[in-house]
Novice: 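One structure, pasted below without further comment.
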Amino acid sequence: MRDLDLSIDGELFRVSGRRQPGGAISYDFAWRNGPSQGTYGFTANFGAEASEARLAVEARTFVTAFYGAVGIGETDFPDHVAAGDHDADD
């Protein structure tokens, strides 16, 4: 499994797949321009290999929840600004 770079509305993810001992595949999403100097992310578990489109859906769902009304973005990471919210001069 090769690493995959995804861009979701300017949010950049490096996705790495790894096989679990039981054979299932997990995908680690490292949020490259996310909070905590790019060390924040999440893991999604699938029974088999996922397509790039499926991985993009996972990342988009995560970003939407993170910045959503009940998401942890503003509360836990008040200094983090969404990629789409940066001024053109930044």
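This one's a predicted model, so the numbers in the text were calculated from it and none came from an experiment. Here, residue 1 is the first one in the sequence, and each next residue gets the next number.
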Novice: Name all residues meeting the ring-ring contact (aromatic ring centres under 6.0 Å, His included) criterion together with F29; count only those two or more places apart in sequence or in a different chain, and write none if there are none.
Specialist: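 F29: ring-ring contact (aromatic ring centres under 6.0 Å, His included) contacts with F42.
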Novice: Less than 4.5 Å apart, side chain to side chain, heavy atoms only: is that true for V63 and F13?
Specialist: yes
Novice: Can you name the side chain to side chain contact (heavy atoms under 4.5 Å, CB included) partners of S51, sequence neighbours left out?
Specialist: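 Here the qualifying residues are A53, R54.
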Novice: Between I8 and W31, is any pair of side-chain heavy atoms under 4.5 Å apart?
Specialist: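 When only atoms from C-beta onward are counted, W31 and I8 do not touch, as no gap falls below 4.5 Å.
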Novice: Test of understanding: with side chain to side chain contact (heavy atoms under 4.5 Å, CB included), list the residues that count as partners of E52, not counting sequence neighbours.
Specialist: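 E52: side chain to side chain contact (heavy atoms under 4.5 Å, CB included) contacts with L4, L6.
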Novice: Got a sec, which pairs hit salt bridge (Lys or Arg N to Asp or Glu O under 4.0 Å) with one end in residues 20-37, sequence neighbours left out?
Specialist: D5-R32, R18-D28
Novice: How far apart are the closest heavy atoms of L55 and A50, and which atoms are they?
Specialist: CD2-CB, 3.9 Å
Novice: Checking the side chain of Y27 only, and the main-chain atoms of E58 only, is there a donor and an acceptor separated by less than 3.5 Å?
Specialist: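 Checking the backbone N and O of E58 against the side chain of Y27, no donor-acceptor pair under 3.5 Å is found.
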Novice: Could you work out, with ring-ring contact (aromatic ring centres under 6.0 Å, His included) as the rule, every residue matching Y40, not counting sequence neighbours?
Specialist: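 Only F66, F77 meet the ring-ring contact (aromatic ring centres under 6.0 Å, His included) criterion with Y40.
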Novice: Compare every heavy atom of G10 with every heavy atom of N33, then report the nearest pair and how far apart it is.
Specialist: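 Shortest heavy-atom contact: ND2-O, 2.9 Å.
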Novice: Identify, with sequence neighbours excluded, every residue that meets side chain to side chain donor-acceptor pair (under 3.5 Å) alongside S16.
Specialist: D3
